[in-house]
2 protein chains.
Amino acid sequence: MTAGTAATDTRSRLLDTALKLFSEHGVEGTSLQMIADELGITKAAVYYHFKTKDEITEAVAAPAVQELDQIIAEAHALRSRSAQIDHALSGFVALIVRQRSLLGLYNSDPGIQRVVNRAFQAPRGEDVKTRMKAVLAGENPSLADAIAVHVVFTGLAMVGGSPEYAGIDDDTLREHLLEAGRRLLGRPRKRPGRGG
Amino acid sequence: MTAGTAATDTRSRLLDTALKLFSEHGVEGTSLQMIADELGITKAAVYYHFKTKDEITEAVAAPAVQELDQIIAEAHALRSRSAQIDHALSGFVALIVRQRSLLGLYNSDPGIQRVVNRAFQAPRGEDVKTRMKAVLAGENPSLADAIAVHVVFTGLAMVGGSPEYAGIDDDTLREHLLEAGRRLLGRPRKRPGRGG
DNA sequence: GTCTATAACTAGATAGAC
DNA sequence: GTCTATCTAGTTATAGAC
């Protein structure tokens, strides 16, 4: 659809800028003025692309929510529990690394959670986060397992977006996050051999 | 001093209310009006107890920061690395459970982090969070260890404050968080025997 | 597609009455 | 210790010019 036009470009630059500022100041701590200033345009220009701030927030979060949805669906299609967990965990970690700051934001910022829950129908525990945790922990998990999975889910997402690792390349970060996730879930290493 | 007066009571109720609202809406998403309404007083009455919103934020965070400081100091006084890690981890988990929502907030909310870093001198990586991670990971940790520790630190704090476990009693939650922390740090179980 | 100008509202904060 | 009233400056959002 006529990709690459000035309009599309400004829109996507706007979303990139919004994500950056959201992760620095939180959604509520980021004003449309800040976004406009960062882009070198005016606040009114922002309103040309999005009707409300919530619409920006939703557009920022949407791609990751949809990817998570797909990973969960793919995992459910696998036969063994072991394969389901492996697929969900590695898909989740890959998404975290590809979208560094977004997943941490989604796991901690009340502003983005409010919008996401409203935008992507989440009646009673049926939101993406809850379903992902269900895939990793199983049907009726023990409290210990539920908590371990929760720690993995939240910890990985927050750490992946941490500025401390901004300089680490994607492959390295993904390997280490995956290893941490497997260790906490009590799963055997994917690649044995070297290292203790 | 003169504890138990109406003044002290309103002040501490104000801090409790602020913490509750901060954890629900974030610091930036919480207005003084919301705090005043929740307490059934006016905004001006809030200003009698605290000069600025930052002062409220600082007062909310202060007890936990000081407790973390003390835990770190105690850990450093121990001889073996193993004992240092055990003390830091169990102290951290105990604090998380006792102050359910506060630690998660401190690990995720940009508003509270800004105030804490300003209020409790944090020049270059010398903030409480960094020092706690240093105790757990050692002097010059590998990237893998640094990331694992970071996942533990953030994950435990976020999960401890999660509303999902609000109904779990302190002892049970503490046991499970500690177990998850030990597993991710690759440490042997404290209490073997029953349970798989 | 971006602008100026402004409306409507809410934020944090202060002065002074009681 | 809490109130009313008010201020300034910020916010989201709209209307209409270019």
*asked:* For the backbone of A:Leu105 and the side chain of A:Asp109, can you confirm whether one donor and one acceptor N or O come within less than 3.5 Å of each other?
replied: no
_Atom-to-atom span, CD1 of B:Ile35 to C1' of C:dA13 - whole angstrom_ = 14 Å
_Which nucleotide in C:dC3, C:dT2, D:dT2 has an atom nearest any side-chain atom of A:Thr10_ = C:dT2
_Which nucleotide wins on minimum distance to the side chain of A:His49, given the candidates C:dT2, C:dA11, D:dT12?_
C:dT2
*Nearest-Å distance, CD (B:Gln33) to P (D:dT4)?*
11 Å
*Within the distance-only criterion (no hydrogens, no angle test), does the side chain of B:Lys53 pair as donor or acceptor with the backbone N or O of B:Thr30 below 3.5 angstrom?*
yes
*asked:* Determine whether a donor-acceptor pair (N or O, by modelled atom type, separation under 3.5 Å) exists between the side chain of B:Thr154 and the backbone of B:Val151.
replied: no
*Nearest whole angstrom, please: distance from the P of C:dC3 to the OH of A:Tyr48.*
13 Å
*Quick one: do B:Arg187 and B:Asp86 satisfy side-chain contact (heavy atoms from CB on, under 4.5 Å)? Show the steps, please.*
CA-CA 9 Å; B:Arg187 299 194 65 69; B:Asp86 283 344; 3.1 Å; yes
*Rounded to the nearest angstrom, tell me the gap between atom NZ in B:Lys43 and atom C1' in C:dC9.*
12 Å
*Are the side chain of A:Thr17 and the backbone of A:Arg13 linked by a donor-acceptor contact shorter than 3.5 Å?*
yes
*B:Leu32 CG - C:dG12 P separation (whole Å)*: 4 Å
*Which whole-number value in Å describes the distance from B:Leu39 CG to D:dC3 P?*
10 Å
*asked:* Closest approach to the side chain of A:Thr52, judged atom by atom: which nucleotide of C:dA13, D:dA13, D:dT2 is it?
replied: D:dA13
*Rounded to the nearest Å, what distance is computed from the CZ atom of residue B:Phe50 to the C1' atom of nucleotide C:dA13?*
16 Å
_Donor-acceptor contact present, side-chain A:Glu179 to main-chain A:Glu175, <3.5 Å_ = no
*Hey, is the main chain of A:Leu184 close enough, under 3.5 Å, to the side chain of B:Arg183 for a donor-acceptor pair?*
yes
*asked:* Expected output is a numbered-order residue list: members of residues 53-63 of chain B with a heavy atom under 4.0 Å from any atom of DNA chain C. What is it?
replied: B:Lys53
*Does a nitrogen or oxygen in the side chain of B:Thr42 sit under 4.0 Å from OP1 or OP2 of D:dC3?*
yes
*When you measure from the side chain of B:Ser31, which nucleotide among C:dA11, C:dA13, D:dC3 comes out closest?*
C:dA11
